Every structure is written in C-alpha cells, then in structure tokens.
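For the single chain, residues carry numbers from 1 onward in sequence order. Order of appearance sets the numbers: ligands from 1, and atoms from 1 within every ligand. Atom set for the values below is all heavy atoms of this structure, side chains included, hydrogens, waters and symmetry mates excluded. Quantities reported herein were computed from a predicted structural model and do not represent experimental measurements.
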Amino acid sequence: MAKLTILEFPDPRLRTRAVPVETVDDELNTLIDDMFETMYAAPGIGLAATQVDVHKRLLVVDVSSDNSQPNALINPEIIELDGETMTEEGCLSVPGYYEEVKRAEHIRVRFLDRKGEEAELEAEGLLAVCIQHEIDHLNGKLFVDYISEAKRQRIRKRLLRDKRHQAEVAM
Ligand code: NI
C-alpha cells in the first residue's frame, strides 16, 4: 500500500470531470487500498479519486470512528434523494476550512463494488452527506462552490499563502 498525495484547492486538476471505470481489476483494487490508506492517514472520512489526481469515477468513505465501515463505490450514481440537512463540511483538499452546506438527508446510491458487481447502498446523515460531497469531487465540484464568491476567494488566497494547516473531520 502507498500513501498518495492529495491535491489542494485551488489546484485546477480538482476541476476535472472523472470518467467511468471500465474494468474493475487488481490495479483498481490497489488504487482503492491506497486511497483508504491515504484517507485514514489524513485523517478524513471520504476521498474521491479526483483528489489524488486519478480522474476515474471512484470514491472511498468510512464515517465510523474506528475505521470499521469502509466502502468503496465505483461509478456511483445517486438514484434517490430526499430530505434536507445542513452539515458543517470540511475537505482534505481545502484544509482547515469548514462551512455549512445544505444537502439531501437520505440517498440511495447504485455503484459497482470491488468485485465489479452491481450494488446499492441506502445512506442517511453523515454518510449520505459524505457520498454527495465525494460525487461532487468526481464532477469537478468542491464544497466551497456552495459558499459566496468573496468567501471562496479569501480561502483561496489564504491557502495559497499558508501551506501549514491541519484538517479535523474532512472528506
Ligand atoms: Ni472533499
């Protein structure tokens, strides 16, 4: 396993729209292992392939406090959304910043699992929020896109100026 480098806002590569995974093979599974290692080490509760400069539709999540609920979602698609929730979000690619974002409270997502088999997951609360946040990454979107332009520019300047920072609950 290897720890990967996480791209940081405003790196333009974070704006790339990821393409679907065509084959779930050993190479992809190695990438998934590396993404889990990178996410747990950060530490974070979610990581999209986009954030490690691999532009394939793949994300990993684990919102448990003891790393006991790892989920890797390949080609994830949200097929049901309902309710509304406001959560203070952070992001491993925007270290040190937390902002309230409104998202669906409950989702159902369809994806391929690590064996390449079709699967579905029903999620609510933090897990649902995290999956929506990671799917945004696959579409080149960041949580700071939901806040005001002025605030985003302030974050951008500060991150460019100061590379010393520590994320707490980031995804
Ligand atoms: Ni993120």
- In Å and rounded to the nearest 0.5 Å, what is the NE2 to CG distance from His55 to Leu138? 10.5 Å
Side chains of residues 19-28: which donor-acceptor pairs under 3.5 Å do they make with residues two or more places apart or in other chains?
{"unit_1": "Asp25", "atom_1": "OD1", "unit_2": "Glu27", "atom_2": "N", "d": "3.4"}
{"unit_1": "Asp25", "atom_1": "OD1", "unit_2": "Leu28", "atom_2": "N", "d": "3.0"}

- In the shown structure, where waters are left out, how many protein N, O or S atoms lie under 2.8 Å from the Ni ion (ligand 1)? 4
- Item | Asn29 side chain vs Arg114 backbone, donor-acceptor pair below 3.5 Å | yes
- Task: Of all the heavy-atom pairs spanning Asp34 and Ala2, show the shortest one and how long it is.
- Result: OD1-N, 2.8 Å
- What one should report as the nearest heavy-atom pair of Asp53 and Arg13 is OD2-NH1, 3.3 Å
- Around atom CD of Glu100, are there more than 12 heavy atoms of other residues, nucleotides or ligands at under 6.0 Å? yes
